[in-house]
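Here is the structure we will look at, set down as structure tokens.
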Protein chains: 2
Amino acid sequence: MGMENVSGSSGRRVKRAGIRDVARLAGVAPMTVSRALSFPHRVSIETREKIAAAIAATGYIPNRVASNLSSNQTMTIGAVIPTLRNSIAADFTEGFSRALKARGYHLLLGNSDFIPEGEETIVAEFLARRVDGVYLTGATHTAKTRKMLRDNAIPTVEIASLPEDPIDMAVGFSNFDAAYEVTRMLAEQGYRRVALFTTFTKDNERQVERQAGYRAAVRDFGLDTDPRFVAELEMDLKAAGRQLRVLVGERPDVDALFCTGDFIAAGALFEAQRLGIRVPDDLAIAGFEGLEIAENLNPSLTTVRIPRFEIGSRAGTMLLDRIAGKDVEQRVVDMGFEIIKRGSTATPATLRRETAS
Amino acid sequence: MGMENVSGSSGRRVKRAGIRDVARLAGVAPMTVSRALSFPHRVSIETREKIAAAIAATGYIPNRVASNLSSNQTMTIGAVIPTLRNSIAADFTEGFSRALKARGYHLLLGNSDFIPEGEETIVAEFLARRVDGVYLTGATHTAKTRKMLRDNAIPTVEIASLPEDPIDMAVGFSNFDAAYEVTRMLAEQGYRRVALFTTFTKDNERQVERQAGYRAAVRDFGLDTDPRFVAELEMDLKAAGRQLRVLVGERPDVDALFCTGDFIAAGALFEAQRLGIRVPDDLAIAGFEGLEIAENLNPSLTTVRIPRFEIGSRAGTMLLDRIAGKDVEQRVVDMGFEIIKRGSTATPATLRRETAS
DNA sequence: TTGTAGGCGTTATCAC
DNA sequence: GTGATAACGCCTACAA
């Protein structure tokens, strides 16, 4: 009958108008209604108006589920995010989401909780729902996830890293280089005992690479090494404070601390203030991510600015271009980073003197 | 032919196995395959195994779009969030999302950018996609949004406020009461000139109510009033710092500042430190939201803890219960709040003396 | 510019 | 326990 059955919150049954109802009321064929909605300019103005009236009269809402089935495209992108409670991932997604909206696509969201197997389950569900493309955070995925995506030839974009073997496309920056450069900067300012706080590296190649970049610079610039200089902790201000106490307890002579996240750095800075450790005079601190809070801290925090929003929106346009059949020239796009030097790593007077001698 | 045509990233065409292909290979009817997947216990073990083998052999991935059309349910909830770049909304969503996942539902996401008309567009698209339920942030919606949702009898939950006339259901807390209580607490500690920083109140009833709660308490407790005590600013640490300079320039005698967000409060606190204003001795500062950073600041920040995650997950279970046809006894659920008193509003010695005299 | 026919891949329904 | 049949509501393809 062209009417959908709907049982709603009130329990009553409602008949929902379908394209046939609209067509009948407008005195045209269903196909003409469909066209009037998809390609208005291919329908005469008169019929268009009759149809518009009929739509208004019936309260017709097109059924995209049926359209999707028939046209074999869902106008939907599936996105896997570790968690929303993390400004950087949220910013990537926000930029991505805007790019989609601009072109009529929608976002289906899944949380992986940093677990690759969780991601795998979500991707499988995305495929079943016939998403037109997939967005993955990071470059750490199970073999099965990669295989599913490739075998089904689903346009895919990986965010935040520069994988050597991308599933399909990737947009990000070099986590290794960024960490290397921060450490180099600290070395060049005269700091010799540079500690590192990262978040967990398990199944998180961004943290792994940042740690690797740090280690490479420590080696290249002959900085002091000590296993106690490196710590992995949860993404938590308090954990950072706790770890700072451990660090200065074990190595009171540490002169700089590089944190691979601005909140970690903020937590360490706050704890330093409580311990009476002067920043940067007694201890320099550098962060990562370039969050808003970094420039507002006292002292303001040296950090690495990541073009978060831009990475997300670039990923969106790349993915949609590929879906539209355009050739994507570059499959892995490096959006770069920028080190922002601020007060928290200013070379203290004492070091300046030593260095000059 | 039971095969889907798929054109993927490589441009080649792939024939995707359908339920008929699996059925043929397993020597059963398509319906039996469908049942084996939906209600395994209604199919004999033998057939089940044959089907499993056939599925593995064909690489069959069920087409949920077709299922959705046929079964008239999408197992999808549409959620409208103002923006992800805001920890509190992200936390609500995270809790909500987990509740959905536990029951096999998925989340379709839309950003409204705090614009009710943007929300309206998104909701219309959600309806077209036949979501089984809708999640809205806040209680400020256009008349058309409300009408669409009600006319179509879509289970809906509004988050973060306690609307008097909910579209359907709501989970949140009293923003008015929370702000009132914070202001009362400041008044009882002896502060008389209490300023307020909120974010924009346009189309945001949460901020409107917090401001109203503040004003009511100012009146009830006879605090000093001055239009210059109240400011609306963007959700930005730097804007908070800027506004603090304005405030102390105009009213150097202000003795307390209530910010309706912890980041605003942090921005004000950092600026106070730079200006040499002692907190709480010269100026008390209170925040809102109970973010992690609050307890780590120096001094630690008095704030209002909102059960963010719990609000989200409760909203999820309520919505799914209603979709499942269960009666939802309480349509508006107040999840409460808790004022956490910390160092930033400790009664300073000077005030204690005055009060005692 | 408009219409007809057929099918998209699955599940509801009822029969066996 | 299993299967045949008929939708689900729209769009592709082709015809007029």
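Quantities reported herein were computed from a predicted structural model and do not represent experimental measurements. Per chain, numbering begins at 1; letters A, B, ... match sequence-line order.
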Between C1' of dC11(D) and CZ of Arg130(A), the distance in whole Å | 18 Å
Arg129(B) CZ to dC10(D) P, in whole Å, measures 15 Å
Write down the distance between CZ (Arg20(A)) and C1' (dG9(D)), rounded to a whole number of angstrom.
-> 7 Å
Under a 4.0 Å heavy-atom cutoff, the residues of residues 28-48 of chain A touching DNA chain D are Met31(A), Ser34(A)
Taking the side chain of Ser70(A) as heavy atoms from C-beta outward, which of dT11(C), dC8(C), dT12(D) is closest to it?
-> dC8(C)
Take atom CZ of Arg16(B) and atom P of dT10(C), then tell me their distance rounded to the nearest Å.
-> 10 Å
Does the side chain of Asp203(A) pick up a donor-acceptor pair with the side chain of Thr140(A) at under 3.5 Å?
-> no
Determine, stepwise, if the pair Arg322(A) / Asp327(A) fulfils salt bridge (Lys or Arg N to Asp or Glu O under 4.0 Å).
-> CA-CA 6 Å; Arg322(A) 177 194 256 350; Asp327(A) 276 337; over 6 Å; no
Between dC8(C) (C1') and Leu69(A) (CG): distance, integer Å | 4 Å
Answer with yes or no whether the side chains of Thr74(B) and Asn68(B) bring together a donor and an acceptor at under 3.5 Å.
-> no
Rounded off to whole Å, could you give me the CZ-to-P distance for the Arg24(A) and dC10(D) pair?
-> 12 Å
Between the side chains of Thr142(B) and Glu117(B), is a donor N or O closer than 3.5 angstrom to an acceptor N or O?
-> no
Starting at CG of Asn63(A) and ending at P of dA7(D), how long is that distance when rounded to a whole Å?
-> 18 Å
Return yes if some donor-acceptor pair links the side-chain N/O of Arg64(B) with the main-chain N/O of Ala128(A) below 3.5 Å, else return no.
-> no
Within this structure, what is the CE-to-C1' distance between Met75(A) and dC10(D), rounded to whole angstrom?
-> 16 Å
Ser67(A) side chain near dC11(D) phosphate (N/O to OP1/OP2, under 4.0 Å) = yes
Determine yes or no for a side-chain-to-main-chain donor-acceptor pair under 3.5 angstrom, with Ser71(A) supplying the side chain and Ser67(A) the backbone.
-> yes
